[in-house]
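In what follows, residues are counted from 1 in the order of the sequence shown.
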Amino acid sequence: MADRADMSGTTESGGRTIARVVRAEVVLGRVSVPGLAAAVEDRAAGAVVTFDGVVRDHDGGRDVSEITYSAHPVAGEVIARIAGDIAGRPGLRALAVVHRVGDLEVGDTALGVAVSADHRAPAFEAVGDIVEEVKKRLPVWKHQLFADGTREWSGCA
């Protein structure tokens, strides 16, 4: 696809700058938000904003022991589309979004996002919108194990 940004830098599409999509994927292994921040660094950027969505120790008043995330086979394509949709915004330089699947413990990163931009406002807005779009559109499901031994499936992550 000619309009898609690649790892080498921003590209022009129809007269507008498209931010580099450094990573947009669903992975089985650990997610490093500092690694994502380093990957989106850009000498022209005045801001790098990150989000580290971690597994918390409670949900709905119950203690959580662990979570297992499962993904639909198209999840990688969906997260790439989300990244591509955001990458066309003015002032963005680079972005990365990674969602983890498999078994996670309390404190593990489930969703990592990093965006570099010319200024802070578009970076904060892009990170917030990526998180909301992932929560809304990504076909990933959460199976929680509670401290009392009960389990529960939740809708999209």
Side-chain angles (χ1 to χ4, degrees), residues 1-8 11 13 18-42 47-89 92-117 122-157:
M1 179 173 175
D3 288 350
R4 185 149 189 156
D6 65 22
M7 303 289 276
S8 63
T11 59
S13 172
I18 305 293
R20 290 180 296 123
V21 177
V22 177
R23 288 183 68 189
E25 59 188 337
V26 175
V27 300
L28 190 56
R30 294 197 180 274
V31 176
S32 167
V33 173
L36 296 178
V40 301
E41 286 180 357
D42 188 297
V48 174
V49 174
T50 61
F51 173 79
D52 191 348
V54 299
V55 176
R56 63 179 177 251
D57 69 355
H58 67 281
D59 187 30
R62 297 191 290 173
D63 292 337
V64 172
S65 298
E66 65 184 54
I67 289 179
T68 300
Y69 283 102
S70 301
H72 189 278
V74 300
E77 297 168 22
V78 172
I79 207 165
R81 277 196 302 274
I82 292 167
D85 291 348
I86 302 292
R89 293 184 179 182
L92 301 185
R93 294 292 167 167
L95 62 91
V97 54
V98 179
H99 198 294
R100 183 174 171 190
V101 294
D103 297 332
L104 285 77
E105 297 177 359
V106 170
D108 285 347
T109 297
L111 174 63
V113 180
V115 174
S116 63
F124 277 110
E125 184 178 341
V127 168
D129 289 347
I130 289 169
V131 171
E132 292 307 315
E133 287 301 308
V134 165
K135 300 273 292 170
K136 188 180 347 175
R137 294 169 44 191
L138 191 66
V140 173
W141 301 274
K142 172 170 63 172
H143 191 212
Q144 297 185 103
L145 172 62
F146 296 99
D148 65 6
T150 61
R151 296 178 178 270
E152 177 181 272
W153 282 97
S154 300
C156 288

Is there a side-chain contact between [X] and [Y], using heavy atoms and a 4.5 Å cut-off?
X: Ser70; Y: His143; value: no
X: Thr109; Y: Val54; value: yes
X: Leu95; Y: Val21; value: yes
X: Leu104; Y: Thr68; value: no
X: Asp63; Y: Phe146; value: no
X: Leu111; Y: Val97; value: yes
X: Arg30; Y: Arg100; value: yes
X: Arg137; Y: Ile82; value: yes

Minimum heavy-atom distance between [X] and [Y], given as atom pair plus value:
X: Ala47; Y: Ala123; result: CB-CB, 4.2 Å
X: Ala71; Y: Val26; result: CB-CG1, 4.3 Å
X: Ala24; Y: Ala83; result: CB-CB, 3.7 Å
X: Ile18; Y: Gly88; result: CD1-CA, 3.8 Å

Euclidean distance, [Y] [atom2] relative to [X] [atom1], rounded to 0.5 Å:
X: Asp42; Y: Leu92; atom1: CG; atom2: CG; result: 11.0 Å
X: Glu152; Y: Ile67; atom1: CD; atom2: CD1; result: 10.5 Å
X: Leu138; Y: His72; atom1: CG; atom2: NE2; result: 11.0 Å
X: His99; Y: Glu25; atom1: NE2; atom2: CD; result: 13.0 Å

Query raised in the report: Is there a donor-acceptor pair under 3.5 Å between the side chain of Ser116 and the backbone N or O of Ala94?
Result: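 Such a contact is found between Ser116 side chain and Ala94 backbone.
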
Requested in this report: Starting from the C-alpha separation in whole Å, work towards a yes-or-no answer on side-chain contact (heavy atoms from CB on, under 4.5 Å) for Gln144 and Asp59.
Outcome: CA-CA 9 Å; Gln144 297 185 103; Asp59 187 30; 2.8 Å; yes

Requested in this report: Could you tell me whether Glu132 and Lys135 have a side-chain N and a carboxylate O separated by less than 4.0 Å?
Outcome: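 Salt bridge: no.
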
Query raised in the report: Checking side chain to side chain contact (heavy atoms under 4.5 Å, CB included) against Val115, which of Ile86, Asp129, Ile130 comes through?
Result: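 Going through Ile86, Asp129, Ile130 one by one, the side chain to side chain contact (heavy atoms under 4.5 Å, CB included) with Val115 is satisfied by Ile130 alone.
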
